[in-house]
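Below you'll find the structure, written out as structure tokens, and then a few comments.
Note that this is a predicted model, so its numbers are computed, not measured. Here is how names work: the chains are called A, B, and so on, in the same order as the sequence lines, proteins then strands, and each is numbered from 1. For the numbers below, each heavy atom of this structure counts, side chains included, while hydrogens, waters and symmetry mates do not.
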Protein chains: 2
Amino acid sequence: MARAPRRRNSERREESEARILDAAEQLFAAHGFNGVSIKDIAVAAEVDTSLVHYYFGSKAGLFTAVLARRAPGINQARIKSMEDYEAAVGEAVTVAGAVRAYLEPAFAIAIAGGEGEHAYMSLVAQISVTPAGGLPGVDLTAFDPAIEVFIDLLRSARPDATRADLYWFYQMLSGAITQSWARTGRIDRLSGGLCDSDDMETILEQTIAIFSGGLNPIATP
Amino acid sequence: MARAPRRRNSERREESEARILDAAEQLFAAHGFNGVSIKDIAVAAEVDTSLVHYYFGSKAGLFTAVLARRAPGINQARIKSMEDYEAAVGEAVTVAGAVRAYLEPAFAIAIAGGEGEHAYMSLVAQISVTPAGGLPGVDLTAFDPAIEVFIDLLRSARPDATRADLYWFYQMLSGAITQSWARTGRIDRLSGGLCDSDDMETILEQTIAIFSGGLNPIATP
DNA sequence: ATTATCTATAGATCTATAGATAATGC
DNA sequence: ATTATCTATAGATCTATAGATAATGC
């Protein structure tokens with residue numbers, strides 16, 4: 001009679017944690033923090049509810065853990081992409097080039113990674129439009145370093161713009177991307193099928209095209 | 001002994017409904033549909049919980065009523081603004097002019113109207129980035145007619161662009177605006193105080209400036 | 001002996017409704 | 001007589017924890 005192979009504790013723990021994080025990532029992205037119960041997550045992860053508390057302490061702790069899992073990787077990929085771009089073009093930084101260098105890593109990760117990574121981007125995007133104080137002590141400053149690098153890169157491309165202009169530009173870009181990550185299907189419906197909100201390659205190129213013409217001096221009304 | 005003046009039933013009803021809708025608007029905008037309980041709303045509105053059910057049937061019914069209250073006014077103001085613009089400039093429609101004509105009414109309503117109107121815009125913005133199926137049967141098609149007019153106006157300004165380009169442009173613009181309505185305070189923090197996420201006049205002008213340079217042909221990577 | 005997992009349940013909500021009471025309607 | 005408001009509560013969750021059991025660690 002074959003016995004089940006012994007699995008080390010560290011393995012058992014890691015697998016359970018990963019299943020819980022995967023399920024939580026999907027469900028939080030789809031329904032928001034308050035739209036999901038710990039039981040929903042436990043059922044999806046095929047573990048017991050109490051295991052979620054055992055590993056993550058509380059629902060807020062789990063949410064924080066979901067965000068923390070992929071943040072460093074994305075942040076580092078963004079910074080590396082922008083550093084590589086700057087090293088490649090030297091002084092000849094353009095708005096389009098900076099936007100591409102900033103955006104491409106997250107798109108690449110989502111396209112190559114699949115549903116988990118995509119859900120993560122959607123979740124971060126939703127949080128970025130959540131009014132202050134609307135969520136439990138969630139720390140979103142993890143993404144700040146890459147944004148500083150992006151602002152610096154934009155300044156090289158457009159030394160004539162004010163710093164406030166650059167930050168507003170980032171804000172608009174960030175909002176546009178949020179809309180795309182959410183994949184609401186709204187643009188598909190409005191356009192009568194001309195646009196596909198799952199087509200991330202097209203979304204990336206459209207975003208770059210639209211925003212590379214921006215950063216104009218503010219027109220007097 | 002002075003007796004309290006008799007108040008007609010229609011008055012009592014209207015005031016209670018308005019108080020409930022006002023409270024629900026603020027709280028849903030701040031915490032999302034699932035982040036607020038009917039009791040929270042009733043307490044804020046200073047009415048009993050059961051009165052919410054009496055007038056709106058269910059939580060989803062209340063949410064729908066909140067959205068329905070201001071949708072027609074905003075939609076009509078947008079359409080009128082764009083029709084007036086087109087009548088004024090004739091053939092000489094520009095992207096900047098179209099964007100301004102589309103955006104201005106909502107900003108004007110929020111600036112003149114105060115917290116209720118602003119909360120409403122924030123709520124609609126948040127819904128627009130909620131993944132499909134994430135909310136109870138909410139109908140957002142109320143805003144579709146104005147969007148069609150906007151797309152037509154853009155086409156007059158840029159007859160060379162494909163229809164898909166125009167819809168993507170709308171999607172990006174819509175996302176950028178979402179970010180601004182949410183007033184997360186994030187841009188204030190990132191910019192070290194250079195930007196003020198409550199300054200709706202500046203946000204409107206920045207949005208027009210950034211997006212009026214857009215709608216470029218898609219660059220090959 | 002320690003760590004992972006399961007059982008059972010406390011205690012606090014939350015949505016919704018039935019039924020009573022207090023106004024206004026006519 | 002009808003409509004608005006209040007009282008009381010059913011029934012279903014939901015988060016979290018205490019304590020038991022079943023693995024692995026060494």
Checklist entry - Rounded to whole angstrom units, what separation is found between the NE2 atom of A:H53 and the P atom of D:dG19? => result 17 Å

Checklist entry - If you look at every strand shown and take non-hydrogen atoms under 4.0 Å, does B:Y55 touch a base, only sugar-phosphate, or nothing? => result sugar-phosphate

Checklist entry - Quick one: CZ on B:F211 to CG on B:L103, what's the gap to the nearest 0.5 Å? => result 9.0 Å

Next on the checklist: What's the separation between atom CD in A:Q179 and atom CD1 in A:I203, rounded to the nearest 0.5 Å?
Outcome noted: 10.0 Å

Checklist entry - Would one find a side-chain N or O of B:R13 under 4.0 angstrom from OP1 or OP2 of D:dA4? => result yes

Next on the checklist: Which helical stems does DNA chain C take part in, if a stem means at least 3 consecutive Watson-Crick or G-U pairs with both distances below 3.5 Å?
Outcome noted: C:1-24 with D:1-24

Item to check | For atom CG of A:L51 and atom C1' of D:dT15, their distance in whole Å | outcome: 15 Å

Checklist entry - What residues in residues 34-41 of chain A put a non-hydrogen atom under 4.0 Å from any atom of DNA chain C? => result none

Checklist entry - Once you round it to whole Å, what is the distance between C1' of D:dG25 and CZ of A:R7? => result 16 Å

Checklist entry - Is it true that B:D22 and B:R69 have a side-chain N and a carboxylate O under 4.0 angstrom from each other? => result yes

Next on the checklist: Expressed as a whole number of angstroms, how long is the span from A:Y54:OH to C:dT2:P?
Outcome noted: 13 Å

Next on the checklist: Does the plane of the ring in A:F28 sit parallel, tilted or perpendicular to the ring in A:F33? Use 30° and 60° as the thresholds.
Outcome noted: parallel

Checklist entry - Would a distance-only check, ignoring hydrogens and angles, find a side-chain to backbone donor-acceptor pair under 3.5 Å from A:S212 to A:I208? => result yes

Item to check | Value in whole Å for how far the C1' atom of D:dT5 lies from CD of B:E11 | outcome: 16 Å

Next on the checklist: Any base atoms under 4.0 Å from B:S58, or only sugar-phosphate, or nothing? Heavy atoms, all strands.
Outcome noted: sugar-phosphate

Checklist entry - What is the distance, rounded to the nearest whole Å, between atom CG of A:D48 and atom P of D:dT17? => result 15 Å

Item to check | Between A:D165 and A:T162, a side-chain donor and acceptor under 3.5 Å | outcome: yes

Checklist entry - Does any N or O in the side chain of A:R183 come within less than 3.5 Å of the main-chain N or O of A:D198, such that one atom is a donor and the other an acceptor? => result no

Item to check | Carboxylate-amine/guanidinium proximity below 4.0 Å for B:R100 and B:E205 | outcome: yes

Checklist outcome for this item: Taken to the nearest whole Å, NZ/B:K59 to P/C:dT15 is 5 Å

Checklist entry - A:E14 CD to C:dA4 P: how many Å, rounded? => result 10 Å

Checklist entry - From C:dT5, D:dG25, D:dA4, pick the nucleotide closest to the side chain of A:N9? => result D:dG25

Checklist entry - Where does the angle between the aromatic ring planes of A:Y102 and A:F150 fall among parallel (under 30°), tilted (30 to 60°) and perpendicular (over 60°)? => result parallel

Item to check | Position toward the 5' end of DNA chain C (nearest nucleotide), B:R8 or B:T49 | outcome: B:T49

